[in-house]
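Below is one structure, written out as structure tokens, with a few remarks after it.
Everything numeric in this text was worked out from a predicted model, so none of it was measured.
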Amino acid sequence: MPLDQPKEGTKKRRVIQILDSPDGKKKYKNEEGFIPTSRDYPGKALAFDYENKLIEDFLQSRMNSDTYIWKCAEASVSRLDAYILLTGGELSDDVIDAFVIRLCNKIETTDSYDRKIHVTRPWLAQAFLEGNLEMVAKRMKENVSQQKFLECERILIPIVSSGHWHLVELVREETKFYHYSSINSPIYTADAVKFINKFMSFIESNWGLGKLEHHGLVSVAVPQQGPTLDCGIFMIEFINSIVEKRLITISKGDCAKYRARFCAALLYARDSPFL
């Protein structure tokens with residue numbers, strides 16, 4: 001199916017931010033199918049020229065939830081989701097999924113990445129937290145096989161709970177989980193603990209590995225997002241920093257740049273999803 005053809009299914013309706021003037025003022029509009037009236041966006045001055053050209057062309061089209069700007073065999077990102085990504089809104093599951101799929105492809109195909117680091121897709125933790133046992137078994141088979149669990153040194157697991165994206169990292173040699181959250185809250189720590197307990201219980205019950213050693217949870221001090229919708233951007237950068245083995249240095253002021261560049265990357269790769 002060509003990328004610009006409608007998806008099957010019901011259109012989603014949501015509140016989105018519309019850039020309605022050159023100075024970047026925003027208003028909220030509960031609709032889709034609009035063409036942005038401004039070609040400005042928060043990260044424009046921070047992106048490269050070729051990225052801005054891709055985005056400016058994109059902003060001349062209608063923002064629908066039933067047309068793709070990026071697609072592979074397993075996932076897709078709509079024009080509306082890409083617009084929300086670009087303009088500072090909450091990242092959808094599909095956008096996070098696209099990031100994970102592209103990163104996993106790089107890890108598997110590029111020598112500069114450590115293949116003993118594995119990143120799961122966002123649906124895995126969601127199945128555990130929802131307690132859907134049938135879906136848990138399916139997602140584990142797709143994301144973390146027994147062989148993958150035993151071979152990898154680090155497993156990074158995105159979590160979305162209570163409307164917030166955060167990250168759990170399993171470091172097998174240390175028998176520890178590390179928790180990365182751009183909002184420090186006992187709510188998200190509790191969600192991470194709930195997931196970890198269910199995840200380890202599944203492994204003990206289904207893989208014949210015997211009683212596993214207790215794995216503690218360590219909350220990592222990371223930069224905080226403040227009163228924004230940037231938790232998904234922070235989590236993506238936490239993952240990038242771990243995979244690339246560098247310090248986590250993201251700040252609130254970086255998010256517009258990351259949003260523009262990731263949006264441009266998806267637009268650039270629309271015909272070849274892993275470019």
Side-chain angles (χ1 to χ4, degrees), residues 1-103 105-106 121-122 160 165 228-233 235-237 254-275:
M1 179 186 291
L3 294 184
D4 287 333
Q5 296 223 353
K7 293 181 183 178
E8 295 180 2
T10 305
K11 292 183 179 180
K12 300 175 185 176
R13 297 185 65 84
R14 67 182 91 182
V15 175
I16 56 178
Q17 294 178 344
I18 309 298
L19 297 178
D20 65 340
S21 67
D23 62 2
K25 292 180 181 178
K26 297 176 182 177
K27 62 182 178 181
Y28 288 88
K29 195 173 184 179
N30 190 22
E31 66 176 43
E32 61 176 271
F34 61 92
I35 298 175
T37 56
S38 171
R39 301 295 178 261
D40 278 347
Y41 45 92
K44 186 171 185 177
L46 304 170
F48 295 115
D49 289 345
Y50 81 91
E51 293 171 328
N52 284 326
K53 178 63 169 64
L54 287 166
I55 292 169
E56 287 170 9
D57 290 345
F58 162 68
L59 290 174
Q60 297 178 51
S61 57
R62 292 193 179 277
M63 302 301 147
N64 292 316
S65 63
D66 58 358
T67 53
Y68 304 102
I69 62 105
W70 179 89
K71 176 186 174 186
C72 71
E74 303 168 293
S76 60
V77 175
S78 73
R79 288 187 173 276
L80 186 58
D81 280 340
Y83 183 81
I84 294 169
L85 161 67
L86 178 67
T87 56
E90 182 178 351
L91 270 60
S92 70
D93 294 357
D94 290 336
V95 169
I96 298 293
D97 203 24
F99 162 76
V100 170
I101 289 171
R102 284 167 53 83
L103 178 60
N105 179 263
K106 291 178 183 178
R121 294 175 67 182
V160 61
W165 286 104
T228 69
L229 297 176
D230 289 329
C231 58
I233 297 297
M235 188 195 70
I236 285 174
E237 185 56 16
D254 296 326
C255 290
K257 174 184 69 177
Y258 287 126
R259 285 176 177 275
R261 289 188 173 175
F262 187 37
C263 183
L266 293 175
L267 291 167
Y268 181 76
R270 54 171 288 155
D271 295 318
S272 299
F274 300 114
L275 283 178

Are Ile96 and Met235 close enough that some pair of their side-chain heavy atoms sits under 4.5 Å apart?
yes
Side-chain heavy-atom pair Arg102, Leu266 within 4.5 angstrom cut-off:
yes
Which value, rounded to the nearest 0.5 Å, describes the distance between Ile236 atom CD1 and Arg259 atom CZ?
9.0 Å
Using a 4.5 Å cut-off on heavy atoms from C-beta on, say whether the side chain of Asp93 contacts that of Trp165.
yes
Between CG on residue Asp230 and OH on residue Tyr258, distance to nearest 0.5 Å
12.0 Å
Give the intermediate values and the outcome of side-chain contact (heavy atoms from CB on, under 4.5 Å) for residues Phe262 and Val95.
CA-CA 10 Å; Phe262 187 37; Val95 169; 3.6 Å; yes
Do Leu267 and Glu51 pass the side-chain contact (heavy atoms from CB on, under 4.5 Å) test, and can you show the C-alpha distance, the side-chain angles, and the key distance before you say yes or no?
CA-CA 9 Å; Leu267 291 167; Glu51 293 171 328; over 6 Å; no
May I have the step-by-step check of side-chain contact (heavy atoms from CB on, under 4.5 Å) for Leu80 and Phe34, ending in yes or no?
CA-CA 9 Å; Leu80 186 58; Phe34 61 92; 4.2 Å; yes
Candidate pair Ser61 and Met63, rule side-chain contact (heavy atoms from CB on, under 4.5 Å), full reasoning
CA-CA 6 Å; Ser61 57; Met63 302 301 147; 3.8 Å; yes
Provide the closest heavy-atom pair for Ala264 versus Leu54 in the form atom of the first, atom of the second, distance.
O-CD1, 3.7 Å
How about Ser92 and Ile84: do any of their side-chain heavy atoms sit closer than 4.5 Å?
no
Between Glu32 (side chain) and Ser65 (backbone), is there a donor-acceptor pair under 3.5 Å?
yes
What distance do Asp66 atom CG and Ser76 atom OG have between them, rounded to the nearest 0.5 Å?
11.0 Å
Residues two or more places apart in sequence or in another chain: which of them pass salt bridge (Lys or Arg N to Asp or Glu O under 4.0 Å) with Asp254?
none
N/O donor-acceptor pair under 3.5 Å between Arg62 side chain and Gly33 backbone
yes
Test side chain to side chain contact (heavy atoms under 4.5 Å, CB included) applied to Ala260 - qualifying residues, sequence neighbours left out
Tyr41, Ala47, Ile55, Leu86
How would you list, by chain and number, every residue that makes a salt bridge (Lys or Arg N to Asp or Glu O under 4.0 Å) with Lys44, sequence neighbours excluded?
Asp40, Glu56
Quick check with a 6.0 Å cut-off and a 45 degree axis cone: is Arg79 positioned over the face of Phe58's six-membered ring?
no
Taking NZ, NE, NH1 and NH2 as the nitrogens, is one of them in Lys53 or Asp57 under 4.0 Å from a carboxylate oxygen of the other?
yes
How long is the straight-line distance from CD of Glu90 back to CG of Asp81, given to the nearest 0.5 Å?
10.5 Å
Heavy-atom nearest pair, Leu59 first then Pro36, reads O-CD, 3.3 Å
Distance from Asn52 atom CG to Leu46 atom CG, nearest 0.5 Å?
9.0 Å
For a quick test of reading the model, state the closest non-hydrogen atom pair linking Ile101 to Ala75 and the distance between them.
CD1-CB, 3.6 Å
Approximate separation, where rounding is to 0.5 Å, of Ile233 CD1 and Thr228 OG1:
9.5 Å
